[in-house]
Peer 1: 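A single structure is presented below for examination.
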Protein chains: 2
Amino acid sequence: MEKQDKKPKRWSLEDIRDYLSQHDIRSSVYRLKIFEYLINDRTHPTAEEIYKHLKKELPAISPGTVYNTLRLFLEKKIVQLVNVEKNQFRFDATLSWHGHLKCLGCGRVFDLHIENLKLSGLEGFEIFEKHLDLKGLCPECLKRKNI
Amino acid sequence: MEKQDKKPKRWSLEDIRDYLSQHDIRSSVYRLKIFEYLINDRTHPTAEEIYKHLKKELPAISPGTVYNTLRLFLEKKIVQLVNVEKNQFRFDATLSWHGHLKCLGCGRVFDLHIENLKLSGLEGFEIFEKHLDLKGLCPECLKRKNI
DNA sequence: TATAAAATTATATTGATTATAAAATTATAA
DNA sequence: TTATAATTTTATAATCAATATAATTTTATA
């Protein structure tokens, strides 16, 4: 799991506005807030989870906006899909190469640091995307299970 | 990509009948044929592709049977899901640890040999499943593209 | 301020998968 | 072999996340 204690940078709305602009995405309150949630909370949420989270603060938001925005972010390549779920999309605004582990107990998705990966037989192939996804139980759920 | 020239064993229907039986699965013509297609053809098909393939030989088969059977095979852990597709399940009857590459040109899914994978930060976690999935272009599609 | 362009909403649609109930098949015991 | 129960298969309906569409609202800019 990625170390959390080295205090990840928190993005301000201004940071995000600049970042979206650099990627040819016009800003709006919803777009800023959706990206802010993805980049600062890092829970790898589904579209539905983002919608529910933002609805508290912005009650007028509609699910369509969340879906549209996420699709736009994917097209512009500022978010990536997390494949731990079969029936739902999960999103990650961190683009560096890392893996994911979904805890089947609590449902949380953890980031994984990949120290080394060596594949063979890929000569002549061109690679665009790599996904490493695990399923298992986190230490807390394991402890809870064994009480 | 996995070497194909070392002639993978082809499973007979009797082999499969035994294998299903060992895993507490009663055999039927459909179950045998579905597993046979998965294990001998190794194209990592979707349920729909399996249905279309078998319908030629067994015209009475219904899609429900394919879905039911695949769900049963998953439960009994004799097939695994391939995560290269977001909207459709793909299935693999080869259970050894290997990755997959989906060619975005021709749609084929290739097996990958993983020489080495080292993750850190997983102390205290219990892992049940690992998936490594790439997207890219195969040599043939790259060549075709550059003509 | 007017006009065009873009974003958002509400709603309907899609499509793979799952659920359900009836019918067909298979297994087992008398 | 026959009767009965259990399982498998089929046909059909339901589910539900995601997408498409068209109307409305907001934003940009001349």
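Per chain, numbering begins at 1; letters A, B, ... match sequence-line order.
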Peer 1: Where do B/G99 and B/I114 come nearest, in terms of heavy atoms and distance?
Peer 2: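 Minimum heavy-atom separation between B/G99 and B/I114: N-CD1, 3.6 Å.
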Peer 1: Of the options B/H44, B/H100, B/E49, which is the one that meets B/R90 in a side chain to side chain donor-acceptor pair (under 3.5 Å)?
Peer 2: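 Going through B/H44, B/H100, B/E49 one by one, the side chain to side chain donor-acceptor pair (under 3.5 Å) with B/R90 is satisfied by B/E49 alone.
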Peer 1: Measure across A/D15 and A/R10 and return the closest heavy-atom pair with its distance rounded to 0.1 Å.
Peer 2: OD2-O, 4.1 Å
Peer 1: Would you name the heavy atoms of A/L38 and A/L70 that are closest together and state the gap between them?
Peer 2: CD1-CD2, 4.0 Å
Peer 1: Could you work out, with side-chain contact (heavy atoms from CB on, under 4.5 Å) as the rule, every residue matching A/K118, not counting sequence neighbours?
Peer 2: A/N116, B/E115, B/N116
Peer 1: Take the protein atom OH of B/Y51 and the nucleotide atom P of C/dT17, then report the distance between them rounded to whole Å.
Peer 2: 14 Å
Peer 1: Show me the protein contacts with nucleotides 16-19 of chain D, counting only N or O atoms at under 3.5 Å.
Peer 2:
| residue | atom | partner | partner atom | Å |
| --- | --- | --- | --- | --- |
| D/dA18 | OP1 | A/F89 | N | 2.5 |
| D/dA18 | OP2 | A/Y67 | OH | 3.1 |
| D/dT19 | OP2 | A/R71 | NE | 3.3 |

Peer 1: Regarding B/K33 and B/E36, does a basic nitrogen lie under 4.0 Å from an acidic carboxylate oxygen?
Peer 2: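 Answer for the salt bridge query: yes.
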Peer 1: Applying salt bridge (Lys or Arg N to Asp or Glu O under 4.0 Å), name anything that partners A/R17, two or more places apart in sequence or on another chain.
Peer 2: A/E14
Peer 1: Looking only at non-hydrogen atoms, find the nearest pair between A/L137 and A/L104 and report the distance.
Peer 2: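 For A/L137 versus A/L104, the nearest heavy atoms are CD2-C, 4.1 Å.
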Peer 1: Just checking, any donor-acceptor pair under 3.5 angstrom between side chains of B/H98 and B/D92?
Peer 2: yes
Peer 1: For the pair made of CZ in A/F35 and P in C/dA7, what is the distance, rounded to whole Å?
Peer 2: 17 Å
Peer 1: May I ask you to check whether over 12 heavy atoms, not counting those of A/K52, lie within 6.0 Å of atom NZ?
Peer 2: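 Atom NZ in A/K52 is not crowded, with 12 or fewer foreign heavy atoms closer than 6.0 Å.
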Peer 1: Evaluate the ring planes of A/F35 and A/Y19, with Trp represented by its six-membered ring, and classify them as parallel (under 30°), tilted (30 to 60°) or perpendicular (over 60°).
Peer 2: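 Answer is tilted, since the angle falls between 30° and 60°.
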Peer 1: Could you check, using the six-membered ring where one of them is a Trp, whether A/F91 and A/F73 have ring centers closer than 6.0 angstrom?
Peer 2: no
Peer 1: Just the rounded figure in Å: distance from P of C/dT26 to CZ of B/R17.
Peer 2: 11 Å
Peer 1: In whole angstrom, give the distance that lies between atom CG of A/D24 and atom C1' of C/dA6.
Peer 2: 14 Å
Peer 1: Heavy-atom contacts under 4.0 Å between residues 102-109 of chain A and DNA chain C, which residues?
Peer 2: none
Peer 1: Could you go step by step and tell me if B/H131 and A/N83 meet the side chain to side chain contact (heavy atoms under 4.5 Å, CB included) rule?
Peer 2: CA-CA 9 Å; B/H131 297 274; A/N83 283 333; over 6 Å; no
Peer 1: Please list, for nucleotides 5-9 of chain D, all pairs of protein and nucleotide N/O atoms separated by less than 3.5 Å.
Peer 2:
| residue | atom | partner | partner atom | Å |
| --- | --- | --- | --- | --- |
| D/dT7 | O3' | B/R26 | NE | 3.3 |
| D/dT8 | OP1 | B/R31 | NH1 | 2.7 |
| D/dT8 | OP1 | B/R31 | NH2 | 3.3 |
| D/dT8 | O5' | B/R31 | NH2 | 3.4 |
| D/dT9 | OP1 | B/S28 | OG | 2.4 |

Peer 1: Stems in DNA chain D: runs of 3 or more consecutive Watson-Crick or G-U pairs, distances under 3.5 Å?
Peer 2: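 Paired runs of 3+ in DNA chain D: C:1-30 with D:1-30.
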